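Have a look at the structure below before the remarks.
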Amino acid sequence: MCGALRASDAGKKAVLMGWVNRRRDLGNLIFVDVRDRSGVTQVVISEEANTAIHDKAELLRNEFVIAAVGTVKLRDSNTINKNIPTGEVELVADELRILNEAKHPPFLPSDTALANEEMRLKYRYIDLRRDAMQFNIELRHKVALAIRDYLASQGFFEIETPFMTRSTPEGARDYLVPSRVQPGTFYALPQSPQLFKQILMISGFDKYFQIVRCFRDEDLRADRQPEFTQIDLEMSYPQPERVWETVEGFLTAAFKAAGHQINAPFPRMDYDEAIRLYGIDKPDLRLPAFAEVRDCFAAPDLQTLAVHPDLPVIAIRIPKVGELSRKERDEIKPMFNSKGGARLFEDFKRIEKNFPEAAKKIQEKCAAAAEDLIVLVSGSAQSGTQDHPASKRKVTPQELAIYASAGLLRVALGQKYSARHGLFLRGDFRFLWVTNFPMFEYDEADKRWVAAHHPFTSPHDDDMDKLESDPAMVRALAYDVVLNGTELGSGSIRIHRQDIQRKIFHALGMTEEEAKSRFGFFLEALEYGTPPHGGIALGLDRIVMILAGAESLREVIPFPKTAAAKDLMVDAPTPVTDAQLRDLGIAVAKK
RNA sequence: GGGGGCGUAGUUCAGCUGGUUAGAACGCCUGCCUGUCACGCAGGAGGCCGCGGUUUCGAGUCCCGUCGCUCCCGCCA
């Protein structure tokens, strides 16, 4: 391998096969860097030693595939290259074969400036030759392998489930696959193997896992691809803690495989607390939490500021930002996405000037240093009281809107000033379990309750009686595992009793008939002796992305899709022939 | 569905207030060069300024539309 030779190999015969990474032609002396996935080694060809090989070496161009046979030679001390692992040796070629020529690639794997996304995706095979991509794909392999090993060692079976399955209108949009044999009917690609893994529990495979592709036809983001890979697992008879231990175990193994030590168990936090402290259900613990500073103001101050006296006033603190110019301060306002009438005070200097006492108390409450940035988010005086169905919750919908607005701004500011506070430096992995999610969320558009996690999640034992009387107050036995502000995975203890499952469907506004037609097979399965069970699924791509220090999932997926869900290399999706459509009994509507 | 950014040589980019022949670096081609390693030196080729329209004496530059890439909001049980 091109990256394997070391000083101890000096004198040995060796064959190097790989790509021409770079050629340095000094006339009668030619150096060729040969590259494969393991690294790069310098091959030397001199006119003096072998004219025929030298002539051939003059023909070499970037990305030619070659084989070089020769002797490993220790380099003279003044020609050692300390920048590469093989820098102490070189291969003196006595045979050189061009295995394949290459057209001039649109960009070179050895280029220092990265080509744009379109180029990289269209010529993905060239992009993947780059060191960074080779590293990421290898990392992904090691992480997946460590997880498999760990779960197998804990008695889990990896069991496959169908890709061609049944469409369910709940949740994300399905990718559909038309049936030829049953014209007019469709399979759906799974959004997750949720029901299959639950049925595996009913089938007696009490510890299941799968590293499995899932499909969701929704709009993309940097951390969302239409097909992605989940580490999916399910177990029978678990307390949530058993699931958490299992996840902590395989994540510890995965991070170790990537060269990082992490500490388990992870801290835990109630959903309500996460919202109150961070304004989001996936808090990034690397940045300071909010401070509630309403009590720092005197009542008349709040009135002067047109701040709602009964809603939270939140101080966001970002450390070590330093003095902001007028221009920089003006950049903060557009970053604020106000929900439910939330208001932003981005100029803390003005608070200091007009309300010096309050400002002082706020700084104390935030434990703010002089260099820290503080902005305030509050409700506006106009925010009226609402008769929202969830208004009895610990965090009311009005409060939630303010917390959420502040939460998004906190993350945005943290990113904008990351170079200044330095808290996002690699290697700081702050895991967290978020628990006790509300069971239902109110869909304002449809005026109905929808499952916050999914409709097979078990309600909290203590809240069973509120399922019908007060759905807003029902907590779910659901949990998310969060890392540095990214939701890595989500799971729950499931419903194993058919009567409760029926109640949930009822609370979701589903009639008996609807439930039966959508999930009849599952309701029936529940009746044949279902053990209590629960599980979780984690995004493998996201884990590897964080470990790779990448900004986008595309960096850790060999063949990803664009933001418009296209594959630029194979040019998919495409129209199909009329004959294919006829076979399937499908007509495409003309626009 | 909505909002922001980008689109100029093979690639990455610069191109000011609209002005005459559109630049740089890397890559590519030719020649020279025996210790380079982002080799060096000399020379050269290479442009539908994404596409279509508009304003103007004149458009890479202004305006409208459109396409592509990207980030965010909505959406993602």
Side-chain angles (χ1 to χ4, degrees), chain A residues 21-34 40-49 54 58 61-63 73 75-84 86-87 90 92 103-123 126-127 168-174 191-192 194-195 214-226 228 334-339 404-405 408 411-412 415 437 439-441 443-445 449-457 476 478 487 490 492 504 508 510 518 537 539 551-552 554 561-564 566 568:
Chain A
N21 196 50
R22 230 174 251 283
R23 185 181 63 126
R24 290 175 295 280
D25 185 347
L26 275 63
N28 287 330
L29 187 65
I30 297 176
F31 298 97
V32 180
D33 291 341
V34 187
V40 165
T41 297
Q42 173 167 286
V43 174
V44 199
I45 298 123
S46 75
E47 164 81 54
E48 194 179 290
H54 183 270
E58 288 197 317
R61 293 294 181 270
N62 286 322
E63 299 306 302
K73 182 184 147 241
R75 296 202 199 179
D76 294 341
S77 61
N78 59 325
T79 62
I80 286 174
N81 184 352
K82 292 193 198 77
N83 300 322
I84 58 172
T86 61
E90 61 196 1
V92 181
K103 278 172 49 173
H104 300 134
F107 58 94
L108 292 172
S110 56
D111 279 349
T112 38
L114 206 53
N116 75 23
E117 204 69 34
E118 213 173 332
M119 277 293 152
R120 292 180 58 199
L121 291 175
K122 179 161 185 198
Y123 299 97
I126 294 169
D127 188 51
T168 52
E170 297 277 320
R173 229 171 269 119
D174 287 323
Q191 298 168 25
S192 81
Q194 184 60 37
L195 291 177
C214 301
F215 307 85
R216 293 180 190 175
D217 185 6
E218 294 294 342
D219 288 349
L220 285 75
R221 287 285 190 285
D223 62 352
R224 271 166 28 193
Q225 282 272 313
F228 60 99
M335 296 165 70
F336 183 65
N337 188 350
S338 170
K339 295 171 196 259
S405 302
L408 289 174
V411 170
Q415 268 159 9
F437 282 82
M439 182 79 192
F440 304 107
E441 276 163 12
D443 185 324
E444 297 284 356
W449 292 101
V450 297
H453 184 57
H454 57 58
F456 314 105
T457 300
E487 180 199 315
S490 191
S492 63
I504 298 292
L508 293 172
M510 231 184 273
R518 288 181 197 178
E551 297 287 319
S552 158
R554 293 186 301 273
K561 298 199 172 34
T562 69
K566 291 207 282 192
L568 295 182

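Just the heavy atoms: all of them, side chains too, but no hydrogens, waters or symmetry mates, feed the values below. Note that this is a predicted model, so its numbers are computed, not measured. Every chain is numbered from 1, with letters handed out A, B, ... down the list of sequences.
When heavy atoms are screened at a 4.0 angstrom cut-off, Ile84(A) is found touching no nucleic acid atom at all. Residue-level contact check: Ser192(A) touches the bases, meaning some heavy atom is under 4.0 Å from a base atom. Within the nucleic acid shown, Pro455(A) comes within 4.0 Å of at least one base atom, counting heavy atoms only. Using a 4.0 Å heavy-atom distance criterion, Arg75(A) is classed as a base contact. Glu90(A) comes within 4.0 angstrom of a nucleotide base, judged by non-hydrogen atoms across all strands. When heavy atoms are screened at a 4.0 angstrom cut-off, Ala412(A) is found touching no nucleic acid atom at all. The residue Glu48(A) sits close to a base: some heavy atom pair falls under 4.0 Å.
Within the shown strands, U12(B) is the pairing partner of A24(B) under the Watson-Crick or G-U definition, both distances less than 3.5 Å. Using Watson-Crick or G-U wobble geometry with both donor-acceptor distances under 3.5 Å, U36(B) finds no partner in any strand shown. In a base pair of the Watson-Crick type (N1 to N3 plus N6-O4 or O6-N4) or a G-U wobble (N1-O2 and O6-N3), with each distance short of 3.5 Å, G1(B) is matched with C73(B). Partner assigned to G52(B) is C64(B), using Watson-Crick or G-U wobble distances below 3.5 angstrom.
A distance of about 31 Å separates the P atoms of A25(B) and U70(B), rounded to the whole Å. For U8(B) and C69(B), the P atoms lie 15 Å apart once the distance is rounded to whole Å. Between U56(B) and C16(B), the distance separating the two P atoms is 23 Å to the nearest Å. Comparing G18(B) with G1(B), their C1' atoms are spaced 36 Å from each other, to the whole Å. Nucleotides G60(B) and G52(B) are separated by 16 Å at their C1' atoms, to the nearest Å. Nucleotides U30(B) and G46(B) are separated by 15 Å at their C1' atoms, to the nearest Å. Comparing the same atom, C1', in U66(B) and in A9(B) gives a spacing of 25 Å after rounding to whole Å. Atom C1' of C57(B) sits at a distance of 32 Å from the matching atom of C67(B), rounded to the whole Å.
Between the CG atom of Asp25(A) and the P atom of C41(B) there is a distance of 15 Å, given to the nearest Å. In this structure, the CG atom of Asp76(A) is 15 Å from the P atom of C37(B), given to the nearest Å. One can place OH of Tyr123(A) at 12 Å from P of U12(B), the figure rounded to the nearest angstrom.
Remark on RNA chain B: of its neighbouring residues Leu114(A) and Arg22(A), the 5'-side contact belongs to Leu114(A), judged by nearest-heavy-atom nucleotide. Residues Arg24(A) and Asn62(A) each lie close to RNA chain B; by heavy-atom proximity, the contact nearer the 5' end of the strand is made by Asn62(A).
Residues Phe107(A) and Asn116(A) form no side-chain contact, since every pair of their non-hydrogen atoms from C-beta on lies 4.5 Å or further apart. Two residues are said to be in side-chain contact when any heavy atoms from C-beta on lie closer than 4.5 Å; Ile30(A) and Arg23(A) meet this criterion. Taking 4.5 Å as the limit, some side-chain heavy atom of Arg216(A) sits within range of a side-chain heavy atom of Phe228(A). In this structure, Pro226(A) and Asp217(A) have side chains that are not in contact, with every pair of non-hydrogen atoms separated by 4.5 Å or more. With a 4.5 Å cut-off on side-chain heavy atoms, Thr86(A) and Gln42(A) do not count as touching. Side chains of Lys566(A) and Leu121(A) form no contact here, defined as non-hydrogen atoms less than 4.5 Å apart.
When every heavy atom of Lys339(A) is checked against every heavy atom of Ser405(A), the shortest pair comes out as N-OG, 2.8 Å. What you find for Asp174(A) and Thr168(A) is that their closest heavy atoms are OD2-N, 3.2 Å.
With G35(B), U11(B), U34(B) as the candidates, the nucleotide lying closest to the side chain of Met119(A) is U11(B). When each of U11(B), G35(B), C28(B) is scored by its nearest atom to the side-chain atoms of Ala115(A), the top-ranked nucleotide is U11(B). Taking every side-chain heavy atom of Glu218(A) into account, C75(B) is the closest of U36(B), A38(B), C75(B).
Dashed line: the shortest gap from a side-chain N or O of His104(A) to OP1 or OP2 of C29(B) is under 4.0 Å. Under 4.0 angstrom from either OP1 or OP2 of U34(B) there lies at least one side-chain N or O belonging to Asn28(A). Taking side-chain N and O atoms only, Arg23(A) has no distance below 4.0 Å to OP1 or OP2 of U36(B).
When the options Glu118(A), Glu117(A), Met119(A) are evaluated for a side-chain contact (heavy atoms from CB on, under 4.5 Å) with Leu568(A), the one that passes is Glu118(A).
A donor-acceptor contact under 3.5 Å is not formed by the side chain of Glu47(A) with the base of U34(B). In terms of polar N and O atoms assigned as donor or acceptor, the side chain of Arg224(A) comes within less than 3.5 Å of the base of C75(B) in a complementary pairing.
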Find every protein N or O atom lying less than 3.5 Å from an N or O atom of nucleotides 3-5 of chain B, and list the pairs.
none

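Residue side chain Phe107(A) fails the stacking definition with respect to U11(B), as its ring centre and the base's six-membered ring centre are not both under 5.5 angstrom apart and under 30 degrees in plane angle.
Partners of Phe456(A) by ring pair (Phe, Tyr, Trp, His ring centres under 6.0 Å), not counting sequence neighbours, listed by chain and number: His454(A), Phe519(A), Phe522(A).
Glu218(A) and Arg224(A) are not joined by a salt bridge, as no carboxylate oxygen comes within less than 4.0 angstrom of a charged side-chain nitrogen.
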With the sugar-phosphate defined as primed atoms, P, OP1 and OP2, and the base as all remaining atoms, what B/S/- string results for nucleotides 65-73 of chain B, 5' to 3', for protein heavy atoms under 4.0 Å?
---SSSSSB
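Dense packing is recorded around NZ of Lys73(A), with more than 12 heavy atoms of other residues, nucleotides or ligands lying under 6.0 Å away.
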